[in-house]
Visitor: 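What follows is a structure written as structure tokens; I'll ask about it next.
Owing to the predicted nature of the structure, the values given are computational and were not obtained by experimental measurement. We number each residue from 1, following the sequence as shown.
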Amino acid sequence: MKTTARTAGLALTAVAAVLAATGAAVADAGAAGTGTPSPGAAPTDDGAKGLCKRVTKIEKRLERALGRLGGDATERGSISRLEKRVENAMKAGHTEIATFLNDKLTFRRSLVPTLEKRQKDLVAVKSWCAANGNGDQK
């Protein structure tokens with residue numbers, strides 16, 4: 001074996017050992033309760049405090065997504081733009097492309113009622129957070 005290959009092999013082994021030791025230390029800290037919970041740990045609460053903290057960001061994200069889906073044919077990600085693409089594929093005789101895009105369109109249309117439902121649910125969450133100290137009360 002050449003010296004450069006041997007050096008590279010030793011370097012890779014050293015890096016792997018450091019990563020393994022770091023991973024074990026992080027897992028031990030999480031399991032001991034001194035750090036973040038380990039990935040396999042069961043949740044100890046419902047996450048209300050974190051959800052209350054993110055309500056405004058979630059509202060903005062939902063509004064932005066619904067606005068994009070409801071946009072006109074010039075807006076990327078809109079339903080009408082995808083409808084136009086399906087129409088163009090059909091005109092060009094690209095049946096497979098039209099089928100693929102039509103399935104994508106069906107899914108995108110199904111997103112609208114789901115996101116609207118989440119908006120309504122978020123209004124109730126927002127009022128709950130206001131009444132319960134932003135999730136601090138147990």
Visitor: Transitively linked via ILVMFWY side-chain contacts under 4.5 Å: M90 with F100?
Guide: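 Linked within one cluster.
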Visitor: Measure the CG-NZ distance between L105 and K84 for me, rounded to the nearest 0.5 Å.
Guide: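 The NZ atom of K84 is 14.0 Å from CG of L105, to the nearest 0.5 Å.
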Visitor: Kindly say whether A98 contributes a backbone atom to a donor-acceptor pair with the side chain of N102 at under 3.5 angstrom?
Guide: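 Looks like no, no N/O pair under 3.5 Å.
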Visitor: Any ion pair linking K91 and E87 (charged N to carboxylate O, less than 4.0 Å)?
Guide: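 Yes, charged N to carboxylate O under 4.0 Å.
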Visitor: Side chain to side chain contact (heavy atoms under 4.5 Å, CB included) for L51 and D46? Distances and angles first, verdict last.
Guide: CA-CA 9 Å; L51 183 59; D46 63 355; over 6 Å; no
Visitor: Rounded to the nearest 0.5 Å, how far does CG of D72 lie from OG of S78?
Guide: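 If we round to the nearest 0.5 Å, S78:OG and D72:CG are 6.5 Å apart.
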Visitor: Rounded to the nearest 0.5 Å, what's the gap from CG on L69 to CG on L115? Could you check?
Guide: 6.5 Å
Visitor: Between E83 and R109, is there a salt bridge with N-O shorter than 4.0 Å?
Guide: yes
Visitor: CG/L111 to OG1/T106 distance, rounded to the nearest 0.5 angstrom?
Guide: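 Result: 11.0 Å between the selected atoms.
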Visitor: What is the distance from atom OG1 of T114 to atom NZ of K117, rounded to the nearest 0.5 Å?
Guide: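 T114 OG1 to K117 NZ: 10.0 Å, rounded to 0.5 Å.
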Visitor: I'd like to know if the side chain of R108 and the backbone of I79 have a donor-acceptor N/O pair within less than 3.5 Å.
Guide: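 Answer holds: no.
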Visitor: Indicate, with yes or no, if V123 and V112 share a hydrophobic cluster defined by side-chain heavy-atom contacts under 4.5 Å among Ile, Leu, Val, Met, Phe, Trp and Tyr.
Guide: no
Visitor: Do the non-hydrogen side-chain atoms of K126 and E59 ever get within less than 4.5 Å of each other?
Guide: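 Yes. Closest side-chain heavy atoms under 4.5 Å.
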Visitor: Are the side chain of R85 and the backbone N or O of R81 linked by a donor-acceptor pair below 3.5 Å?
Guide: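 Judged by distance alone, no pair lies under 3.5 Å.
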Visitor: Do V86 and I97 come close enough that some side-chain heavy atom pair is under 4.5 Å?
Guide: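 The answer is no; the side chains never approach within 4.5 Å.
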Visitor: Tell me the closest heavy-atom pair linking S80 and G71, and the distance in Å.
Guide: OG-O, 2.8 Å
Visitor: Kindly compute the distance separating CD1 (I58) from CD (E63), expressed to the nearest 0.5 Å.
Guide: 12.0 Å
Visitor: Of all heavy-atom pairs between K104 and L82, which one has the smallest distance, and what is that distance?
Guide: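 For K104 versus L82, the nearest heavy atoms are C-CD2, 3.8 Å.
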Visitor: Which atom pair, heavy atoms only, marks the closest approach of V55 to V125?
Guide: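 Closest heavy-atom pair between V55 and V125: CG2-CG1, 4.1 Å.
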Visitor: Go through the steps to decide whether R76 and R68 satisfy the test side chain to side chain contact (heavy atoms under 4.5 Å, CB included), and finish with yes or no.
Guide: CA-CA 7 Å; R76 295 179 76 181; R68 183 176 49 246; 6.0 Å; no
